[in-house]
Number of protein chains: 2
Amino acid sequence: MSRLVSDALQDTRTARRLVAGGRPARQQSLRDHNLGLALRLVAEAPTPVSRAQIASTTGLTRATASTLVETLLAGGLVREVPLPPTARSGRPAVGLVLAPGGPGGLGLEVNVDYIAATVVDLTGAVVVHEVHAGDQRVLTPAAALRTTAAVGAAALAAAQRKGVRVAGTAVALPGLVHDGRLLLAPNLGWQDVDVRRLLTRNRRLTALPLALDNEANYAALGEVSPTARTFVHVSGEIGIGAGIVLDGELYRGSRGWSGEIGHVTVVPSGPACHCGATGCLEVYAGQEAILRAAGLAGQSVGAPGAALAERATLGDPALLAALDAAAGALGTVLAGVLNVLDISTVVLGGIYAPLAPWLLPTVGHELSRRVLWSSWEPPSVRTAAHGPEAAALGAARSVVAAVVSEPERWLVT
Amino acid sequence: MSRLVSDALQDTRTARRLVAGGRPARQQSLRDHNLGLALRLVAEAPTPVSRAQIASTTGLTRATASTLVETLLAGGLVREVPLPPTARSGRPAVGLVLAPGGPGGLGLEVNVDYIAATVVDLTGAVVVHEVHAGDQRVLTPAAALRTTAAVGAAALAAAQRKGVRVAGTAVALPGLVHDGRLLLAPNLGWQDVDVRRLLTRNRRLTALPLALDNEANYAALGEVSPTARTFVHVSGEIGIGAGIVLDGELYRGSRGWSGEIGHVTVVPSGPACHCGATGCLEVYAGQEAILRAAGLAGQSVGAPGAALAERATLGDPALLAALDAAAGALGTVLAGVLNVLDISTVVLGGIYAPLAPWLLPTVGHELSRRVLWSSWEPPSVRTAAHGPEAAALGAARSVVAAVVSEPERWLVT
DNA sequence: AAGCATAAGTTCAACCAATCAACAAATCTC
DNA sequence: GAGATTTGTTGATTGGTTGAACTTATGCTT
């Protein structure tokens, strides 16, 4: 039996798609695909790559690799750099890296008590990061977004001074986003705000493509690294949400409502949750629940995560007990997620990040008890690499990810 | 601002891929992609389609559509059929349908007390279905698989008599499958069996490509229909597993261990499960648990689902209570799955299918209580359309799905 | 019945991207 | 300095889609 033919059936990767959806493939699609292939290679390689390396690792001919690189160079996405001399014989290679001046991304985050702007260049490096503190709840959406646009425009100007042009803007919002609108943001007290329209009133932002998404989604994307491309990112804020990242891409579900772990049941007969059900995770591990169990309910704390961490360091017994209960509930629910999705990494973000020292042991313990395959492949739990700035960073990176995945749309003409 | 450019960022579909993984795209890839596009259109259309329709709905030119169809016709995948006369003027179109004699698929299922074989033709219609009853646990794996191969060969012969040639074989196995081997099948009492080698000893099967996968996975795929392409298929047997089907394709997780809902926690402090944890779903809704709660433990029942259903019809109070408890636990866990994955359909299979009349109300109730978006988009629960033959059917269909998705590999020369 | 309009399908030159083979360029080795 | 070796480029060739013209087959109109 031909092993090769057999692979045609056994192969479980997603079906080959030259172009997305049901679109036809034309000559241009070939070029687009291969451009992306080459650029991704340059982007993901730890050191500069040569045309010859592109050819040999992709399977393209050196001739084709050369013409692709030619296009990328002319389009300003890639730059030639000298390569350290090797001891090998033969004509020395010319290194290629992502052009630092090439199209970067602007990430904006509108949140309850601050507005953040981050610009990354094409290589993903942070070029500008600005935080504008201030309670947005006292403002109208229009006013808050006018400020947001101004903060974004200032970041754009600063990026331009550093020689980075920006390809697009992505905005992280603390609520339910659909089709350019913020349908509901309980913590801001906003409802059905046309964020796209209000932001693009600003002349500098009008010129750029604009993407909007949930803050937790972008925060999860901000945690993607070459070594961690599949994980569940738990973001504890007022509510508890999870961003499910599979191979570097967000799993959004059929309607974008995935990751609602805050209302997964921990104890079926537990206390009532404001969602109408009983025993939800939020009742045990939500910010509110932890504050209440620690006897801190009602006190308006600026940064609850940091405040709680400070108090935990002092050894407050009520708080420590509350944290342990929260960690137990969190671990139980996350074990379920890992069992269902076969994911082996959990990243704790949001208020859980500063509290991680008190959470990690119990969460880890529950995971190793309850995840079926934990003895073969122990699941790992770690703290988010970025703090509150994760969402703006992830948003900015999502822009450059779009550039790298579809270079043909971003070549300078 | 250009709305088109903005879409480049906002577009959340998976990135365009001309060919899978990091492979280069060549001229042939264009042809392959467009062949698949055209064939899928023919496969999914409810009525025969014309070359002109292929052209207009795909965006290809009529010229290209014609040459693609020419290839598919010559390759035996598609057939011309006369089209009912329309009242329109102009040259009448020629209809195209999947060739009924074209490459079909053979699905085999090896299970504890039977071996099943199903052959479907390229259109997905069942051509042959044979069940060979008999306890496989009393046989050695080699002997059982010799019988399996013989059953498969007989089905192939029967298919051939009906004019259906078969492109490949897929085998559903009740256990952990990896790389052609059955690593562990507790209910069969098998361990590390090289199923591929043993089956392909049979001369008739040697000639065909062979795929192996878990029985629950294929059963889930068997439930895919044009109207239901995203769902969670719960398969209650000795254990409880879920097949997660997203847009017609199985989500397998990073290591193929997804869907282990049997060990998702229902009550953190519940009774011990044999997996080492406590309060797992299996403790409440497993076949064993239901039998025990109904006072039927230990009795070896041939088809436990049917036997329980019969008894439930008689109104056995202990059993009805057990079923309600199971349904409550199942509903709680499934609500979590739906909250996390944003999937709105649940399909009950395995022993839950015959018991569905007693389970559906409570499962549905728990879902509507606990799924966050249930009041906007009520989740639906339904019974699996196919009974125990689902796995063999799904396996057979997975073969033709491979043919339709990569037609270039299956054209007769 | 003839002529016209209309739609389906085919043919063929043109185009475009990748390939292949030969070549030029830049280095190392002996 | 000659030969070996590797990188990158050039130009003819191949293969697949396109676009426009053409053929075919039907309904509608007069």
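By convention in this document, chain letters (A, B, ...) are assigned in the order of the sequence lines, proteins followed by strands, and residues within each chain are numbered from 1. Everything quoted here is computed from the prediction, not taken from an experiment.
Using a 4.0 Å cutoff to heavy atoms of chain A, the contacted part of DNA chain C runs 5' to 3' from C:dC16 to C:dT29.
Residues B:Thr61 and A:Arg26 have side chains that never bring a donor and an acceptor to within less than 3.5 angstrom of each other.
Under the rule for a side-chain contact (heavy atoms from CB on, under 4.5 Å), A:Pro92 has no partner lying at least two apart in sequence or in another chain. Here B:Thr47 pairs with nothing under the side chain to side chain donor-acceptor pair (under 3.5 Å) rule; sequence neighbours left out. Residues passing the side chain to side chain donor-acceptor pair (under 3.5 Å) test with A:Thr57: none are found, sequence neighbours excluded. With sequence neighbours excluded, the residues that form a side-chain contact (heavy atoms from CB on, under 4.5 Å) with B:Gln160 are B:Arg204. With sequence neighbours excluded, the residues forming a side chain to side chain donor-acceptor pair (under 3.5 Å) with B:Arg229 are B:Asp247, listed by chain and number.
For D:dT18, the OP1/OP2 oxygens have a side-chain nitrogen or oxygen of B:Thr61 closer than 4.0 Å. Using a 4.0 Å cut-off, no side-chain N or O of B:Asn34 falls inside it from OP1 or OP2 of D:dG16.
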Within the 4.0 Å limit for protein heavy atoms, which parts of nucleotides 1-14 of chain D are touched? Write it as a string from 5' to 3', B for base, S for sugar-phosphate only, - for none.
----BBBBBB----
Throw together a table of side-chain donor-acceptor distances under 3.5 angstrom for residues 73-82 of chain B, partners on residues two or more places apart or in other chains.
{"from": "B:Glu80", "atom 1": "OE2", "to": "B:Arg51", "atom 2": "NH1", "distance (Å)": "3.2"}
{"from": "B:Glu80", "atom 1": "OE2", "to": "B:Arg51", "atom 2": "NH2", "distance (Å)": "2.7"}

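Between A:Leu68 and A:Thr86, the residue anchored closer to the 5' end of DNA chain C is A:Leu68, taking for each the nucleotide with the nearest heavy atom.
Residue pairs meeting the side-chain hydrogen bond (donor to acceptor under 3.5 Å, both in side chains) criterion with at least one member in residues 82-102 of chain A: none, sequence neighbours excluded.
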